[in-house]
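Given the structure is predicted, the values throughout are model-derived calculations rather than measurements.
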Amino acid sequence: MLRNRDNAYGLIAILFHWTIAALFVGQILLGLTTQWVASMALQFTLIQWHKSFGFLILALAALRLLWALANRRPARPSYFSRAEWLAAKLVQSSLYVLMLAVPLTGWALVSTSTLQIPSFAFNLVVVPHLPLAPSEASENFWRDVHWWVAYGTAAIAAGHMLAALRHHFWLGDGILKRMLQPGAESPNRGTVKGQKAAGR
């Protein structure tokens, strides 16, 4: 099942979700590593890879947003309160926006850098800079914005992950299965708890 259904996610949405999540975690680690290495040559190489994966995340996030707009969103499970569901939707919508904002602010950073180093995406193509004037002040501004947006996104994503684990292991409502198995529907929370109590 490629497309979403009323109560289940399709394969495309699931692949977008986990691919972008894995790339984002890798980007955080890669970004930190660039600050720790002493070799300038290695730092240059790592930064180029960081930029390459940033452009990839930007492209995938844009495609994911378009796919989400073109597909129905699985309905609210009956055991979710309206407030809980609205909070989940707010977090998910925020992550959609932030996954675009993080690479865009990084692109603005390299575009305003006084060094004006070209961005070689995966050593295949040169990505042009954004039409922003290079200056030390602008570079420092976009560096700070990129840092705060990236780590703010990481914090929200961590909260999102913990909430999903809470639902899966503590509440036992099966909501996480909807993002693991295409077409999987979350069962009724009471049914799940009843099965556990019966030792099934």
Output a table of donor-acceptor pairs, distance under 3.5 Å, between side-chain atoms of residues 26-35 and any protein atom two or more places apart or on a different chain; print 'none' if there are none.
residue : atom : partner : partner atom : Å
Q27     : OE1  : H50     : ND1          : 3.2
Q27     : NE2  : H50     : O            : 2.7
T33     : OG1  : L29     : O            : 2.7
T34     : OG1  : G31     : O            : 2.6

List the residues meeting side chain to side chain donor-acceptor pair (under 3.5 Å) with [X], not counting sequence neighbours, and say none if there are none.
| X | value |
| --- | --- |
| S52 | none |
| R166 | none |
| S119 | K51 |
| R72 | D6 |

Side-chain polar contacts of residues 97-108 - donor-acceptor pairs under 3.5 angstrom, sequence neighbours left out - could you list them?
residue : atom : partner : partner atom : Å
T105    : OG1  : A101    : O            : 3.0
T105    : OG1  : V102    : O            : 2.8
T105    : OG1  : H146    : ND1          : 2.9
W107    : NE1  : P128    : O            : 3.0

Checklist entry - Cluster partners of L115, using ILVMFWY side-chain heavy atoms under 4.5 angstrom, listed by chain and number? => result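 Noted: L115 shares its cluster with F44, I117.
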
Checklist entry - For F120, what residues pass the side-chain contact (heavy atoms from CB on, under 4.5 Å) criterion, not counting sequence neighbours? => result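 Applying side-chain contact (heavy atoms from CB on, under 4.5 Å) to F120 gives Q48, P118, N123, V126.
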
Checklist entry - According to the salt bridge (charged side-chain N to carboxylate O under 4.0 Å, His left out) rule, which pairs have a member within residues 130-154, sequence neighbours left out? => result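 Residue pairs passing salt bridge (charged side-chain N to carboxylate O under 4.0 Å, His left out), neighbours aside: E139-R143.
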
Next on the checklist: Test of understanding: with salt bridge (charged side-chain N to carboxylate O under 4.0 Å, His left out), list the residues that count as partners of R5, not counting sequence neighbours.
Outcome noted: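 If we apply the salt bridge (charged side-chain N to carboxylate O under 4.0 Å, His left out) test to R5, skipping adjacent residues, the hits are E185.
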
Checklist entry - With sequence neighbours excluded, what pairs up with R64 under the salt bridge (charged side-chain N to carboxylate O under 4.0 Å, His left out) test? => result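 R64 satisfies salt bridge (charged side-chain N to carboxylate O under 4.0 Å, His left out) with no other residue.
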
Please tabulate, for side-chain N and O atoms in residues 16-24, each donor-acceptor pair with protein atoms closer than 3.5 Å (sequence neighbours left out).
residue : atom : partner : partner atom : Å
W18     : NE1  : M179    : O            : 2.6
T19     : OG1  : L15     : O            : 2.7

